[in-house]
Enquirer: 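Would you mind keeping the following structure in view while I ask a few things?
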Amino acid sequence: MLGSMLEEFQRMNKRQFFYQVLSFGMIVSSALMIWKGLMVVTGSESPIVVVLSGSMEPAFHRGDLLFLTNPADEPIRVGEIVVFKIEGRDIPIVHRVLKVHERENGTSKFLTKGDNNRVDDRGLYAPGQLWLTPRDVVGRAKGFLPYVGMVTIMMNEYPKLKYAVLACLGLYVLIHRE
Amino acid sequence: MHTFLTRGNALLTFTLSVLAGLTFFCFLSTGLNAYSATATIDTVKVLVKNVPDYSAQKEKQDLGYLMFDLQANLNPLFNWNAKQLFVFLTAEYESPDNKLNQVVLWDKIIQRGENANLDMKNMNTNYYFWDDGNGLRGNPNVTLTLSWNVIPNAGMLSIVRGSGSHTFSFPNEYTNVRAQ
């Protein structure tokens, strides 16, 4: 099968080849546009995240997908599930808000806890940090889709698989003729 | 013409699109559900102490202590797209330092199939009722409400506040002895 595909590739002329390269570029750039567009609409710097730990079980398991929004004019309230970043940690954390204190001038601070953890998150925060502020928040979970994120977890754990899939897709797009 | 690969590809594509369609239908069928219910809340005993919170800053802060009664039948909230309820009791009040304080005092995870008809007497809180300062003593207006976060099989993560609340005030004097 691969042989016949290569044969087809050789039979293409220059014009066709450039056409395929261009359509490949179109696919990449429209994916980027959709992602950036989602960022604008949702207000979150990362509108879709994959759950990586079991700290919110049994609600969210490893590999579940969360859709985030982060409207600036909507204050954070207890019970909401927020995704936040901690200084010195690469991976954002998905936990639930346990306490909120909001001052007269609008500034607020809050404390989080994972549903499956026994204690609140002060031990996870940066040394000396007692509270989170809205600036630490990447987004708030508004939608849930199970299992789908397992694909990206597999790809991150087995980089060879990722390159194989990318190579197959790239080859397919370049060679495939409408 | 129909090789093993093309058949496999067709089967996989069809399975995935049926699954995606069903999931989307599941989301649509419950997307407009309000998930509302009524809760009856009452406080049994209310105390306030002024002690240092060693898990945070060392200064003395107000620590509320209360026991509560709670009745709420949340069984009707479960439908085919409700995997779990995260039920939580919130205390909301104003203090000299903050125009809004929200503290979760108690929570419970109810999964599908478990009894969601809550009827509890003399319950202790799960979490400490620390104020962010000294705003609890003599506070005349602390409101308890019950809310729930519906976690679906696939779809929206909605947070609903139950109708029915209980407002109480803290005593004007600190309790020095340890709460019994």
Enquirer: Sort B/Ser158 into side chain, backbone, both or neither according to what part of it lies under 4.5 angstrom from a heavy atom of chain A.
Expert: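 Nothing of B/Ser158, per the 4.5 Å heavy-atom cut-off to chain A.
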Enquirer: Using heavy-atom distances under 4.5 Å, tell me whether B/Trp148 contacts chain A through its side chain, its backbone, both, or neither.
Expert: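 The answer is neither part of B/Trp148.
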Enquirer: How far does CG of B/Asn149 sit from CG of A/Asp115, to the nearest 0.5 angstrom?
Expert: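 One finds 8.0 Å between CG of B/Asn149 and CG of A/Asp115.
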Enquirer: Give a yes-or-no answer on whether the side chains of A/Lys113 and B/Tyr127 include a donor-acceptor pair shorter than 3.5 Å.
Expert: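 Side-chain D/A pair, A/Lys113 to B/Tyr127: present.
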Enquirer: Counting only heavy atoms closer than 4.5 Å, note whether B/Leu157 contacts chain A via side chain, backbone, both or neither.
Expert: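 Interface part for B/Leu157: both.
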Enquirer: Which one wins on heavy-atom pair count under 4.5 Å against chain B: A/Leu65, A/Leu145, A/Asn105, A/Leu98?
Expert: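 When all of A/Leu65, A/Leu145, A/Asn105, A/Leu98 are compared, A/Leu98 has the most.
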Enquirer: Quick one: CD on B/Gln84 to CD on A/Glu57, what's the gap to the nearest 0.5 Å?
Expert: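 Output value for this atom pair is 10.5 Å.
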Enquirer: Answer yes or no: does atom CD of A/Glu87 have more than 12 heavy-atom neighbours from other residues, nucleotides or ligands under 6.0 Å?
Expert: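 At most 12 heavy atoms, drawn from other residues, nucleotides or ligands, come within 6.0 Å of this atom.
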Enquirer: Same cluster or not: are A/Trp131 and A/Leu124 linked, directly or through other Ile, Leu, Val, Met, Phe, Trp or Tyr residues, by side-chain heavy atoms under 4.5 angstrom apart?
Expert: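 Linked within one cluster.
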Enquirer: Just checking A/Met154: does its CE atom have more than 12 heavy atoms from other residues, nucleotides or ligands closer to it than 6.0 angstrom?
Expert: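 Counting other residues, nucleotides and ligands, CE of A/Met154 stays at 12 neighbours or fewer.
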Enquirer: Quick one: what part of B/Ile109 sits under 4.5 Å from any heavy atom of chain A, side chain, backbone, both or neither?
Expert: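 B/Ile109 touches chain A through side-chain heavy atoms alone.
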Enquirer: Would you say CD1 of A/Ile91 has more than 12 non-hydrogen atoms from neighbouring residues, nucleotides or ligands within 6.0 angstrom?
Expert: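 12 or below, so no.
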Enquirer: Would you kindly confirm whether B/Leu100 and B/Trp130 end up in one hydrophobic cluster when ILVMFWY residues are joined by side chain heavy atoms under 4.5 Å apart?
Expert: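 Different clusters.
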Enquirer: For A/Glu102, is there any backbone N or O sitting under 3.5 Å from a side-chain donor or acceptor partner on B/Lys99?
Expert: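 Checking the backbone N and O of A/Glu102 against the side chain of B/Lys99, no donor-acceptor pair under 3.5 Å is found.
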Enquirer: Does any heavy atom of chain A fall under 4.5 Å from the side chain of B/Tyr93, the backbone, both, or neither of them?
Expert: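 The side chain, not the backbone.
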Enquirer: Of the backbone (N, CA, C, O) and the side chain (C-beta and beyond), which part of A/Arg122 lies under 4.5 Å from a heavy atom of chain B, both, or neither?
Expert: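 It is the side chain, since no backbone atom gets that close.
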Enquirer: Is B/Leu144 reachable from B/Met123 through a run of I, L, V, M, F, W or Y residues, each pair having side-chain heavy atoms under 4.5 Å apart?
Expert: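 They do share one cluster, since a chain of ILVMFWY contacts under 4.5 Å joins B/Met123 to B/Leu144.
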Enquirer: Side chain, backbone, both or neither: which part of A/Arg96 has a heavy atom under 4.5 Å from chain B?
Expert: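 Side chain only.
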Enquirer: So, the side chain of B/Gln102 versus the backbone of A/Val100: is there a donor-acceptor pair under 3.5 Å, distance only?
Expert: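 No: the side chain of B/Gln102 does not pair with the backbone of A/Val100.
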Enquirer: Is it the side chain or the backbone of A/Leu130 that comes within 4.5 Å of chain B heavy atoms, both, or neither?
Expert: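 Answer is side chain: those atoms of A/Leu130 sit under 4.5 Å from chain B.
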Enquirer: If you count the non-hydrogen atoms of other residues, nucleotides and ligands that lie under 6.0 Å from NZ in A/Lys36, is the total more than 12?
Expert: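 At most 12 heavy atoms, drawn from other residues, nucleotides or ligands, come within 6.0 Å of this atom.
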Enquirer: Would you kindly confirm whether A/Met56 and A/Phe67 end up in one hydrophobic cluster when ILVMFWY residues are joined by side chain heavy atoms under 4.5 Å apart?
Expert: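 In one cluster with A/Met56: A/Phe67, no.
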Enquirer: Applying the 4.5 Å side-chain criterion to the ILVMFWY set and letting contacts propagate, would A/Met39 and A/Val28 be lumped into a single cluster?
Expert: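 No, because A/Met39 and A/Val28 fall into different hydrophobic clusters, even though each may have its own neighbours under 4.5 Å.
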Enquirer: With chain A, which of B/Thr23, B/Val104, B/Thr90, B/Asn98 has the greatest number of heavy-atom pairs at distances under 4.5 Å?
Expert: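 Of the candidates given, the most pairs with chain A belong to B/Asn98.
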Enquirer: Considering only NZ, NE, NH1 and NH2 on the basic side and carboxylate oxygens on the acidic side, decide whether A/Lys109 and B/Asp132 come within less than 4.0 Å.
Expert: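 Result for this pair is yes, salt bridge flagged.
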Enquirer: Look at atom CG of B/Leu32 and say whether more than 12 heavy atoms of other residues, nucleotides or ligands are closer to it than 6.0 Å.
Expert: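 It does not: B/Leu32 CG has 12 such atoms or fewer within range.
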Enquirer: Heavy-atom distance under 4.5 Å to chain A: side chain of B/Asn126, backbone, both or neither?
Expert: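 For B/Asn126, neither part sits under 4.5 Å from chain A.
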Enquirer: Over all heavy atoms of both residues, which pair between A/Ala59 and B/Lys83 is shortest? Give the atoms and the distance, please.
Expert: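 A/Ala59 and B/Lys83 have their closest heavy atoms at O-NZ, 2.6 Å.
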Enquirer: Please flag which part of B/Ser147 lies under 4.5 Å from any non-hydrogen atom of chain A: side chain, backbone, both or neither.
Expert: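 Interface part for B/Ser147: neither.
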Enquirer: Counting heavy-atom pairs under 4.5 Å with chain A, which one of B/Phe88, B/Phe27, B/Phe86 comes out on top?
Expert: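 Highest number of pairs under 4.5 Å: B/Phe86.
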Enquirer: Check whether A/Leu66 gets within reach of chain B through its side chain, its backbone, both or neither, counting any heavy atom under 4.5 Å.
Expert: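 For A/Leu66, the side chain is the part near chain B, not the backbone.
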